[in-house]
Each structure stands twice: as C-alpha cells, then as structure tokens.
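These notes are about the structure you will find just below.
Side-chain atoms are counted along with the backbone in the values below, which use heavy atoms only and exclude waters and symmetry mates.
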Amino acid sequence: MYIFLAFGLLFTSSCVTFRNIENTRPRLDKPESNDVFDLRQIEKLDQEDIILVTTYQAQRYYLIYQETDEQHLKGMLMREPVTNDPIAVKDRYQMRIPVTEIKKVQIRKYNYISGLALPAAIVISLYAMLAISLRNSEYNM
C-alpha cells in the first residue's frame, strides 16, 4: 500500500516549470517601463528552448523557440492557443508573433526542489511511517 502511494506521489510531482525569462541568468537591468517587453531578454534564449509567450490580448502560445528578427519571434507551435490541446509533432507549424504584442515570455526550466527534494522527503517520511508501524506492531504481540 505504501509503495503505491509513494510511486503515485513521485509521478504526480512536477520537475519542470515555466519561469519568467527575466529571472534567468544573466540578469539584466530593469527596463524603464514595466509595460514594455524588454527585447534583450530574448537574447537569453537558445534554439529549441520551450517557451510560453503571453500577448497583451491574453493569448498564450507554447512554442519551441527558433529565432527572432527585428519584428517577430518565431517558433514551432506545440499546443493549440484556444483549446490548449497538444499538437502532434508532424502537425506542428511555425508561428510568428510580433514583438510589439508580447507581454511576457517564460522559459521551461527544471525545478530542482520539486524534482529532487520533494521525492526524497516523501521517501524519508514513508520510511519513518513504516518504521513506526513495525515498532508498534512488535509491542502489540
């Protein structure tokens, strides 16, 4: 029973999260206005990074980053913008988002706390519960 609980918790914990790109290294000076997206942040992206782009119209695009020119951010669309359903690899298409419409860009990063610390804490607590229950069962005999 405990083993199934442990594996269930391990598989439901998320190791990957989307982080604001301005919080990644190297840090940049704050832009003069918080309402304008700072294009220098895009320089931190590498090709094939998975990003989440939010526009001023509150549309969200999950993309595999390709490149940026002076006017557009380009990437392969991974999820349908309206339904958020995944798109099969063979059906993905390139999306061009005007830089002037971008409100925020987030990058998918590995979360070490939930990826390592949470499963370790779960295993330790399950071990402690098992040890306590075995100790109590010895006293009841």
Side-chain angles (χ1 to χ4, degrees), residues 1-140:
M1 169 81 176
Y2 292 115
I3 293 173
F4 293 116
L5 179 64
F7 281 118
L9 290 172
L10 288 174
F11 287 120
T12 58
S13 65
S14 176
C15 299
V16 178
T17 59
F18 282 94
R19 294 181 53 200
N20 287 337
I21 197 168
E22 63 262 9
N23 294 337
T24 59
R25 302 232 184 258
R27 300 226 183 232
L28 300 173
D29 296 333
K30 292 281 185 189
E32 296 174 8
S33 172
N34 289 339
D35 296 338
V36 178
F37 179 72
D38 188 4
L39 284 175
R40 296 178 301 160
Q41 295 176 11
I42 294 176
E43 296 171 1
K44 296 183 193 181
L45 296 176
D46 295 323
Q47 276 191 329
E48 304 297 318
D49 278 346
I50 296 176
I51 59 173
L52 170 61
V53 178
T54 306
T55 64
Y56 286 108
Q57 292 80 25
Q59 292 180 316
R60 297 165 51 118
Y61 300 100
Y62 291 88
L63 302 170
I64 300 172
Y65 177 73
Q66 291 177 330
E67 66 179 350
T68 305
D69 57 20
E70 290 104 29
Q71 297 177 353
H72 295 92
L73 182 141
K74 299 174 189 173
M76 295 297 288
L77 194 61
M78 295 178 56
R79 292 182 172 269
E80 287 294 334
V82 176
T83 61
N84 204 23
D85 293 333
I87 299 174
V89 174
K90 63 182 175 80
D91 296 331
R92 292 180 179 166
Y93 54 93
Q94 186 181 53
M95 184 81 187
R96 293 170 34 136
I97 302 171
V99 175
T100 56
E101 293 182 13
I102 296 175
K103 180 178 182 181
K104 178 172 53 171
V105 175
Q106 294 175 301
I107 185 169
R108 190 170 84 167
K109 289 287 185 181
Y110 188 77
N111 187 340
Y112 293 102
I113 293 173
S114 64
L116 299 174
L118 182 62
I122 291 170
V123 169
I124 291 169
S125 63
L126 289 175
Y127 178 76
M129 288 189 315
L130 182 62
I132 291 170
S133 67
L134 288 175
R135 185 179 302 165
N136 288 340
S137 66
E138 289 176 4
Y139 290 124
N140 291 334

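- Side-chain contact between Tyr61 and Thr55 is present, with heavy atoms from C-beta onward closer than 4.5 Å.
- Panel note: side chain Asp91, backbone Ala88; no donor-acceptor pair is recorded below 3.5 Å.
- In this structure, Gln57 places its CD atom where more than 12 heavy-atom neighbours from other residues, nucleotides or ligands lie under 6.0 Å away.
- Counting only heavy atoms from C-beta outward, the side chains of Leu52 and Arg60 approach each other to under 4.5 Å.
- Annotation: side chain of Ile107 is not in contact with side chain of Lys44 (no heavy-atom distance under 4.5 Å).
- Side chains of Tyr65 and Ile42 form a contact here, defined as non-hydrogen atoms less than 4.5 Å apart.
- For the atom pair CZ of Arg108 and CD1 of Ile51, the computed distance is 12.0 Å after rounding to the nearest 0.5 Å.
- In this structure, Gln47 contributes its side chain and Gln66 its backbone to a donor-acceptor pair below 3.5 Å.
- The shortest distance between side-chain heavy atoms of Asp69 and Lys74 falls below 4.5 Å.
- At least one side-chain heavy atom of Leu126 sits less than 4.5 Å from a side-chain heavy atom of Met129.
- Expressed to the nearest 0.5 Å, how far CD1 of Ile97 lies from CG of Leu77 amounts to 8.0 Å.
- With contacts defined as side-chain heavy-atom distances shorter than 4.5 Å, the pair Ile87/Glu80 qualifies.
- Atom NZ of Lys103 and atom OH of Tyr56 lie 7.5 Å apart (nearest 0.5 Å).
- Side-chain atoms of Leu63 and Leu73, non-hydrogen and from C-beta on, do get closer than 4.5 Å to each other.
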Exercise for review: Would you sort out whether Val53 and Met95 count as a side chain to side chain contact (heavy atoms under 4.5 Å, CB included), showing the intermediate values?
Suggested key: CA-CA 11 Å; Val53 178; Met95 184 81 187; over 6 Å; no
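- Taken from CE in Met78 to CG in Asn84, the straight-line distance is 10.5 Å, to the nearest 0.5 Å.
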